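Below: one structure, written as structure tokens.
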Amino acid sequence: IAGMVEVTSQNFEEKLPEIDLDLRDASFTCLDFEFSGLHTNRCPSISLFDSPQERYSTLRESVKDFTVLQCGLSVFKYEKISRIYHCKTYNFWIFPRANEWISRQTQFESSACEFLMKFDFDFNKCFYGGIPYLNEEEIDTVQEQLTKNHEFVKDIVLNDIKLSFRKRKLDLLAKWVYDSRPGETIEIDCMSGGMCDVLLTDINQKYEDLIAEKPKGESCLLVVKKGTPEELSRRSHRKKEALDEKFEKAIGFTHVIRLIKKHRKPMVGHNLLMDLLFIHEKFHKPLPESFLEFKENMHDQFPSIFDTRHIISNIKVELRKDEKYKEVFRGSSLLSLYEECKGLNVKGLLYQPLILDNLGEECGMREHNAGYDSYLVGYVFLRLAHFYALWKYNSPSVKPFHFQDYLREFSKFENSLNLIRSALSHISLSKEDPENKRPQWLLVSERNKSKIDEAHVKCVLSAFGDVSVKMIGPHSCLVAMPSIGMAAGLLVEMHNHSKYKVIRYEPSKSWVNEYFGLVAFGSLGLFAGYLFFRLRS
């Protein structure tokens, strides 16, 4: 039985082979992430009016600004004979460290940080022990430069005194190089450790046959040697090895994402869209402008994805007509689903999947620890699959199920991702997105034909539930609601409202009315002009 494995930059390389083997033997994997922020000020708020492309464009801008701080990876392995699921959970601490090739910038959203602090997130562990990463585009760029043996040098700003000192030392060295032979050395006194680093960079860039080093314990001295062919060959080999090691460390957590892609096991998450956006941007390539291209990329890399948030939404709809089970699932958050799925043990459902781990309540883990949440995702996925399979067979004790049975029952939910507050309830990675099943928009206007106050409309209509309001002119606005029942209730309650008139929005009629209104206005103008002309004549 394996428990939580904490992975930082100190033990990351040691754990990679173990992670590779676990993913190879896995039946399915679960991912969860914690981020430094989710909402950037330059992007519009999400809305029930958003099309998938509009929502994607909004989230794409946010993902650019923020970073991944923690990743939970739970690997579930099914034993067919015993029908037991063994779970092993890794908790990765991640931070975009600077390196000699790329200098990174990221943002932290104060509300996101306060949220993580509420759940005892260890920022010190993240900053000091976070695993670095490069995305595939950055990896290609660095590899190309390394192939060309290009020196990556950071911009250095020197004042006039230091520039003069640097020039004198380099001139002195140039004269010595001309007169010296292989094996001879020269010592260069530097005014500071920083100047030593500057001169060391200059020498390595300009002279291929010189070997410059700082002696141990000396911070302001350089010893420069004109190398023999053997020494230069050894130096070149050591330098390449050191660069390769630094490069592998800089790739960091992207190695884990590569392993997940390599083994192509079903991947499960809860509200997965944001996680996939960060995976694409931070560990694959910058997010494309096209939502369709993003979907194609993700499906190509992860061909089998399940979103438990989407799954539970659909199961709830199917259970509405079942008096026995329609109230079984009330929540949709990961923790509430976990608690409800644990409660399914007492409802007479036989052959529940047995999950072996040591991440119970006694381990002190809390939600919004990415490792713990990834385990909860897997637990919920298995319990939902078992319940759904039994319910579909219409018997609480029909037979035990194997993992492939669960996948078969959940196949219609595969590669569909939940959308929060959008025109569509979900999107599909492997086929065309579904039709819009949200209720028809509502049109709100003032009964006295005066200008409408958007904030006041929101305030009045919020009593009926979640609404989105969009102005379409000074005298009217559109209202979107998530369910047909809520929209119908609002129409009934607002029918006799003293201030606002609320009707179903019909774009075609709106266009026709506007057209004939303009025609009538134009005809009236022509008629008035005709009368004026007759009177003048």
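Bear in mind the structure is a predicted one, so any value in this text is a computation, not a measurement.
With ring centers used as reference points, W93 lies 6.0 Å or more from F253. The ring of F387 has its center closer than 6.0 angstrom to the ring center of Y325. Taking the six-membered ring for Trp and the full ring otherwise, the centers of F115 and H368 sit less than 6.0 Å from each other. Taking the six-membered ring for Trp and the full ring otherwise, the centers of F410 and Y406 sit at least 6.0 Å from each other.
Within 6.0 Å of CD in E18 there are more than 12 heavy atoms belonging to other residues, nucleotides or ligands. When the shell of 6.0 Å around NZ of K249 is examined, it contains 12 or fewer heavy atoms from other residues, nucleotides or ligands. For NZ of K316, the number of neighbouring non-hydrogen atoms (other residues, nucleotides, ligands) closer than 6.0 Å is greater than 12. Heavy-atom neighbours of I503 CD1 from other residues, nucleotides or ligands within 6.0 Å: above the threshold of 12. In K412, the NZ atom is crowded: over 12 heavy atoms of neighbouring residues, nucleotides or ligands sit closer than 6.0 Å. Within a 6.0 Å radius of NZ in K501, no more than 12 heavy atoms belonging to other residues, nucleotides or ligands are found.
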Derivation and outcome, salt bridge (charged side-chain N to carboxylate O under 4.0 Å, His left out), residues E446 and K449: CA-CA 5 Å; E446 289 265 10; K449 308 298 184 183; over 6 Å; no

Derivation and outcome, side chain to side chain contact (heavy atoms under 4.5 Å, CB included), residues Y388 and L390: CA-CA 5 Å; Y388 189 69; L390 286 174; over 6 Å; no

side-chain hydrogen bond (donor to acceptor under 3.5 Å, both in side chains) between N418 and D307, worked out: CA-CA 7 Å; N418 182 63; D307 185 343; 5.5 Å; no

Pair K118-E114, salt bridge (charged side-chain N to carboxylate O under 4.0 Å, His left out): steps then yes or no: CA-CA 6 Å; K118 178 182 173 183; E114 289 169 5; over 6 Å; no

Stepwise side-chain hydrogen bond (donor to acceptor under 3.5 Å, both in side chains) check, T89 with S74: CA-CA 4 Å; T89 297; S74 284; 2.7 Å; yes

Test ring-ring contact (aromatic ring centres under 6.0 Å, His included) applied to F33 and F278, step by step: CA-CA 9 Å; F33 291 91; F278 270 94; 7.8 Å; no

From CA spacing to verdict: side-chain hydrogen bond (donor to acceptor under 3.5 Å, both in side chains), S51, Q53: CA-CA 5 Å; S51 67; Q53 176 64 58; over 6 Å; no

R383 and E340: CA distance, side-chain angles, deciding distance, salt bridge (charged side-chain N to carboxylate O under 4.0 Å, His left out) verdict: CA-CA 10 Å; R383 289 299 171 92; E340 289 171 346; over 6 Å; no

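Residues S468 and R421 have side chains that bring a donor and an acceptor to within less than 3.5 angstrom of each other. Neither side chain, H284 nor E137, offers a donor N or O lying under 3.5 Å from an acceptor on the other. In this structure, a donor-acceptor pair under 3.5 Å is absent between the side chains of S36 and E109. Between the side chains of W391 and D322, at least one donor-acceptor pair of N or O atoms lies under 3.5 Å. Using modelled atom types and a 3.5 Å distance limit, the side chains of H263 and D20 yield a donor-acceptor pair. Between the side chains of S313 and R309, at least one donor N or O lies within less than 3.5 Å of an accepting N or O.
The side-chain heavy atoms of L31 and C71, taken from C-beta on, include a pair separated by under 4.5 Å. For the pair K285/N135, no side-chain contact is recorded, criterion being any heavy-atom separation below 4.5 Å from C-beta on. The side-chain heavy atoms of V469 and L478, taken from C-beta on, include no pair separated by under 4.5 Å. L417 places none of its side-chain heavy atoms less than 4.5 Å from the side chain of H426. No side-chain heavy atom of R447 sits under 4.5 Å from any side-chain heavy atom of K499. At a threshold of 4.5 Å between non-hydrogen side-chain atoms, the residues N369 and Q70 count as touching. Looking at heavy atoms from C-beta onward, K88 lies in side-chain contact with V5 at the 4.5 angstrom threshold. Residues M274 and L38 have side chains in contact (heavy-atom distance under 4.5 Å, counting atoms from C-beta outward).
Note on ring orientation: taking the six-membered ring where Trp is involved, the planes of Y375 and Y338 are perpendicular (angle over 60°, cut-offs 30° and 60°). Note on ring orientation: taking the six-membered ring where Trp is involved, the planes of Y90 and F92 are parallel (angle under 30°, cut-offs 30° and 60°). Note on ring orientation: taking the six-membered ring where Trp is involved, the planes of F28 and Y85 are perpendicular (angle over 60°, cut-offs 30° and 60°). The aromatic rings of F306 and F381 sit tilted, their planes meeting at an angle between 30° and 60°.
The main-chain N or O of P288 is found under 3.5 Å from a side-chain atom of R60 such that the two form a donor-acceptor pair.
The side chain to side chain contact (heavy atoms under 4.5 Å, CB included) test applied to M486 returns M481, P482, S483, not counting sequence neighbours. Qualifying side chain to side chain contact (heavy atoms under 4.5 Å, CB included) partners for Q107, counting only residues two or more places apart in sequence or in other chains: D65, F66. In this view, R504 and Q440, L442, L491 satisfy the side chain to side chain contact (heavy atoms under 4.5 Å, CB included) rule, not counting sequence neighbours.
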If you look only at distance, which donor and acceptor atoms sit under 3.5 Å apart when one is on a side chain in residues 290-298 and the other is two or more places apart or in another chain?
from : atom 1 : to   : atom 2 : distance (Å)
S290 : OG     : L292 : N      : 3.3
S290 : OG     : E293 : N      : 3.2
K295 : NZ     : S428 : O      : 2.9
K295 : NZ     : D433 : OD1    : 2.9
K295 : NZ     : D433 : OD2    : 3.4
N297 : ND2    : H280 : NE2    : 3.0
N297 : ND2    : E293 : O      : 3.4

If you look only at distance, which donor and acceptor atoms sit under 3.5 Å apart when one is on a side chain in residues 123-134 and the other is two or more places apart or in another chain?
from : atom 1 : to  : atom 2 : distance (Å)
K125 : NZ     : E6  : OE1    : 3.3
Y133 : OH     : T67 : OG1    : 2.7

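Seen from the ring of F49, K470 counts as a face-on cation partner, given the 6.0 Å and 45° thresholds.
The residues K326 and E318 are annotated as not salt-bridged, no charged nitrogen and carboxylate oxygen being separated by less than 4.0 angstrom.
Screening residues 446-488 for ring-ring contact (aromatic ring centres under 6.0 Å, His included), with sequence neighbours left out, gives H456-Y500.
Nearest approach of P439 to A487, heavy atoms of both residues: CB-CB, 3.8 Å.
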